[in-house]
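Sequential numbering from 1 along the given sequence is applied to the chain's residues.
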Amino acid sequence: MPKLTLLPHEDICPEGKAIEVESGISIIEAALQAGVSIEHACEMSCACTTCHVIVREGFDSLEPAEDEEEDMLDKAWGLEPESRLSCQAKMADQDLVVEIPKYTINLVSEAH
């Protein structure tokens, strides 16, 4: 099984986390199952950018983003070439290292 490594984030995951996940699961689903509360204001429907992550390693193993995701990513804070919406990016057979950006475009964080 591939491993998902979440880099440390001072509020969401201060010590970082490494978890084994099944292929085909989205990054956010894997993180939430492991107790890492990545924000997701649209309930994972690709209608916002609050679950934006930056894939630091393994980016090329992901299926390419569809147009809808690309359009939403254009609105994300701190966009980088390896940015993805974690609700849309599904684990393949390769390990991923993911950074959760410090900020989102949400002015108020919603508890889920």
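Closest heavy-atom contact between I28 and H40: CD1-CB, 3.5 Å. Between C42 and A47 the shortest heavy-atom distance is SG-N, 3.3 Å. Here the closest heavy-atom approach between residue P14 and residue P8 is recorded as O-CB, 3.4 Å. Between M91 and Q94, the shortest heavy-atom distance links the atoms CE-O, 4.0 Å. For the pair L6 and A31, the tightest heavy-atom approach, listed with the atom from each and the gap, is CD1-CB, 4.0 Å. Taking both residues in full, the closest heavy atoms of G78 and I54 are given as O-CD1, 4.1 Å, listed atom of the first, atom of the second, then distance.
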- Task: Decide side-chain contact (heavy atoms from CB on, under 4.5 Å) for M1 and E22; before the verdict, give the C-alpha distance in whole Å, the side-chain angles of both, and the deciding distance to 0.1 Å.
- Result: CA-CA 6 Å; M1 285 200 302; E22 293 183 30; 3.8 Å; yes
- Message: Is there a side-chain contact (heavy atoms from CB on, under 4.5 Å) between I19 and K3? Walk through the geometry before answering.
- Response: CA-CA 6 Å; I19 50 177; K3 182 171 74 172; over 6 Å; no
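Side-chain atoms of S86 do not come within 3.5 Å of backbone N or O of I27 as any donor-acceptor pair. Judged by distance alone, the side chain of D95 and the main-chain N or O of P2 form no donor-acceptor pair under 3.5 Å.
For the pair E68 and C46, the minimum side-chain heavy-atom distance is below 4.5 Å. For the pair L4 and V98, the minimum side-chain heavy-atom distance is below 4.5 Å. Side-chain contact between L62 and L96 is present, with heavy atoms from C-beta onward closer than 4.5 Å. Residues E66 and Q88 have side chains not in contact (no heavy-atom distance under 4.5 Å, counting atoms from C-beta outward).
Sorted by first then second residue, the side chain to side chain donor-acceptor pair (under 3.5 Å) pairs that include residues 24-33, not counting sequence neighbours, are S26-E29. Counting only residues at least two apart or in different chains, ring pair (Phe, Tyr, Trp, His ring centres under 6.0 Å) contacts with residues 42-90 comprise W77-Y103. Among residues at least two apart or in separate chains, there is no side chain to side chain donor-acceptor pair (under 3.5 Å) pair with a member in residues 4-17. Legend: salt bridge (charged side-chain N to carboxylate O under 4.0 Å, His left out) pairs involving residues 78-89, not counting sequence neighbours, sorted by first then second residue: R56-E80, E69-R84.
Summarising the local packing, CG of D74 is surrounded by more than 12 heavy atoms from other residues, nucleotides or ligands at distances under 6.0 Å.
Think of L85 as one node in a network of Ile, Leu, Val, Met, Phe, Trp and Tyr side chains linked at under 4.5 Å; its network also takes in M72, L73, L79.
Cluster membership check: V53 does not share its hydrophobic cluster with V97, using side-chain heavy-atom separations under 4.5 Å among Ile, Leu, Val, Met, Phe, Trp and Tyr. Neither L7 nor I100 shares a network with the other; the hydrophobic side chains, linked directly or stepwise wherever heavy atoms of I, L, V, M, F, W or Y lie under 4.5 Å apart, form separate groups for each.
Checked against side chain to side chain donor-acceptor pair (under 3.5 Å), D93 has the following partners two or more places apart in sequence or in another chain: S23.
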